[in-house]
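Remember, it's a predicted structure, so these values are computed and weren't measured experimentally.
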Amino acid sequence: VVEIGCHKGITLLAMAARHPDTAFIGIDITFKRVVTTAERSVAAGLKNVFCVMANANGLDQLFAPGELDGVVLFFPDPWVTKKRQAKHRLVSEQFCEKLAGCLSKDGFLWLKTDQKVYFDAASEHLVAKQFVPSSDECWLGSDFTSAFEQRFHAQQLPTYGARWLKPPMLY
């Protein structure tokens with residue numbers, strides 16, 4: 001399972017601690033965040049956590065077809081200040097296509113954001129690539145929250161999220 005934008009590893013390490021037989025990989029584009037996550041993983045004695053400094057747009061260059069059981073993407077940069085910034089969002093049709101190729105047969109994407117505009121756009125891209133929304137609880141559990149999500153909830157701000165399953169046509 002990959003967490004894109006692992007930040008400081010809080011969510012990643014919680015998932016890894018609960019599921020010690022599953023490998024978890026944290027990806028971030030910031031060196032300090034990757035190092036912090038790695039250090040915390042070592043301090044916690046977790047042997048199933050790995051950290052990579054990479055741009056998630058290259059997901060298909062990092063993982064073989066069907067290699068991932070899941071991808072967790074909590075609160076990616078929404079790029080909503082100016083309309084033209086939307087082109088910088090990670091979740092695009094191209095990314096969804098790469099993601100579908102990397103996911104295993106029962107693979108999933110778990111997306112959360114505080115921006116309804118981004119959530120709606122991401123949902124459209126996922127539907128366009130035939131991902132299937134899932135109302136079933138993910139085998140990881142449903143109680144994992146990021147520091148960002150905790151902050152938004154403390155301020156009583158809404159968040160949006162869903163799990164999506166790999167497109168059935170790619171089985």
Side-chain angles (χ1 to χ4, degrees), residues 1-19 22 24-41 49-59 62-63 68-96 98-100 102-103 107-127 129 131 133-135 137-165:
V1 174
V2 168
E3 182 184 18
I4 296 174
C6 63
H7 199 247
K8 296 178 183 176
I10 295 167
T11 307
L12 182 74
L13 300 183
M15 289 187 287
R18 187 177 299 172
H19 300 281
T22 301
F24 288 87
I25 303 165
I27 296 177
D28 209 295
I29 59 172
T30 305
F31 179 76
K32 186 173 181 178
R33 291 177 189 164
V34 171
V35 170
T36 299
T37 300
E39 290 172 342
R40 287 180 172 182
S41 145
V49 176
F50 305 89
C51 302
V52 178
M53 187 173 135
N55 186 323
N57 271 315
L59 198 68
L62 296 170
F63 301 101
L68 301 177
D69 293 322
V71 172
V72 174
L73 180 57
F74 289 174
F75 299 87
D77 194 338
W79 293 99
V80 293
T81 307
K82 297 177 183 164
K83 190 170 184 167
R84 70 178 186 270
Q85 290 180 328
K87 67 183 176 190
H88 297 295
R89 292 179 183 154
L90 176 63
V91 182
S92 64
E93 282 193 38
Q94 296 83 3
F95 176 77
C96 293
K98 293 174 186 181
L99 176 63
C102 293
L103 288 173
F108 66 88
L109 168 67
W110 187 4
L111 172 67
K112 292 184 186 183
T113 180
D114 62 316
Q115 296 289 324
K116 180 140 177 48
V117 171
Y118 190 4
F119 182 77
D120 290 344
S123 296
E124 287 177 20
H125 296 314
L126 289 158
V127 167
K129 291 300 175 183
F131 275 77
S134 175
S135 58
E137 183 173 310
C138 176
W139 60 267
L140 285 174
S142 61
D143 58 335
F144 294 106
T145 59
S146 72
F148 294 109
E149 185 172 13
Q150 292 168 18
R151 193 177 312 152
F152 296 131
H153 286 179
Q155 297 173 33
Q156 298 182 335
L157 296 171
T159 60
Y160 310 90
R163 284 185 204 83
W164 299 82
L165 301 178

Value rounded to 0.5 Å, distance of [atom1] in [X] from [atom2] in [Y]:
X	Y	atom1	atom2	result
Leu99	Phe63	CG	CZ	11.0 Å
Leu73	Cys6	CG	SG	12.0 Å
Lys32	Glu39	NZ	CD	10.0 Å
Lys112	Thr11	NZ	OG1	8.0 Å
Asp28	Lys8	CG	NZ	11.0 Å

Check your understanding: Under the side-chain contact (heavy atoms from CB on, under 4.5 Å) criterion, do Ile27 and Leu62 qualify, and how do the steps go?
Key -> CA-CA 10 Å; Ile27 296 177; Leu62 296 170; 4.0 Å; yes
Exercise for review: Give a yes or no answer on whether the side chain of Arg163 reaches the backbone of Phe108 with a donor-acceptor pair at less than 3.5 Å.
Suggested key: no
Check your understanding: Are any side-chain N or O atoms of Thr113 and backbone N or O atoms of Gln115, one a donor and one an acceptor, separated by less than 3.5 Å?
Key -> yes
Review point. Can you tell if the side chain of Phe131 reaches within under 4.5 Å of the side chain of Leu103, non-hydrogen atoms only?
Key: yes
Practice item. Check whether any side-chain heavy atom of Trp164 lies under 4.5 Å from a side-chain heavy atom of Ser123, and answer yes or no. Key: yes
Check your understanding: Do Phe24 and Leu13 pass the side-chain contact (heavy atoms from CB on, under 4.5 Å) test, and can you show the C-alpha distance, the side-chain angles, and the key distance before you say yes or no?
Key -> CA-CA 8 Å; Phe24 288 87; Leu13 300 183; over 6 Å; no
Between [X] and [Y], what is the shortest heavy-atom contact and its length?
X	Y	result
Cys51	Ala38	SG-N, 3.5 Å
Asp114	Tyr160	O-CE1, 3.7 Å
Lys129	Glu93	CE-O, 3.6 Å
Thr37	His7	OG1-O, 3.4 Å
Ile4	Ala56	CG2-CB, 3.5 Å
Leu90	Phe95	O-CB, 3.1 Å

Practice item. Flag yes if more than 12 heavy atoms outside Lys98 fall under 6.0 Å of its NZ atom; otherwise flag no. Key: yes
Check your understanding: Between Val72 and Leu12, does a side-chain contact (heavy atoms from CB on, under 4.5 Å) hold up when you go through it step by step?
Key -> CA-CA 9 Å; Val72 174; Leu12 182 74; over 6 Å; no
**Study point:** From CA spacing to verdict: side-chain contact (heavy atoms from CB on, under 4.5 Å), Cys96, Val91
**Key:** CA-CA 7 Å; Cys96 293; Val91 182; 3.9 Å; yes
Point to revise | Between Ser92 and Gln94: side-chain donor-acceptor atoms closer than 3.5 Å | key: yes
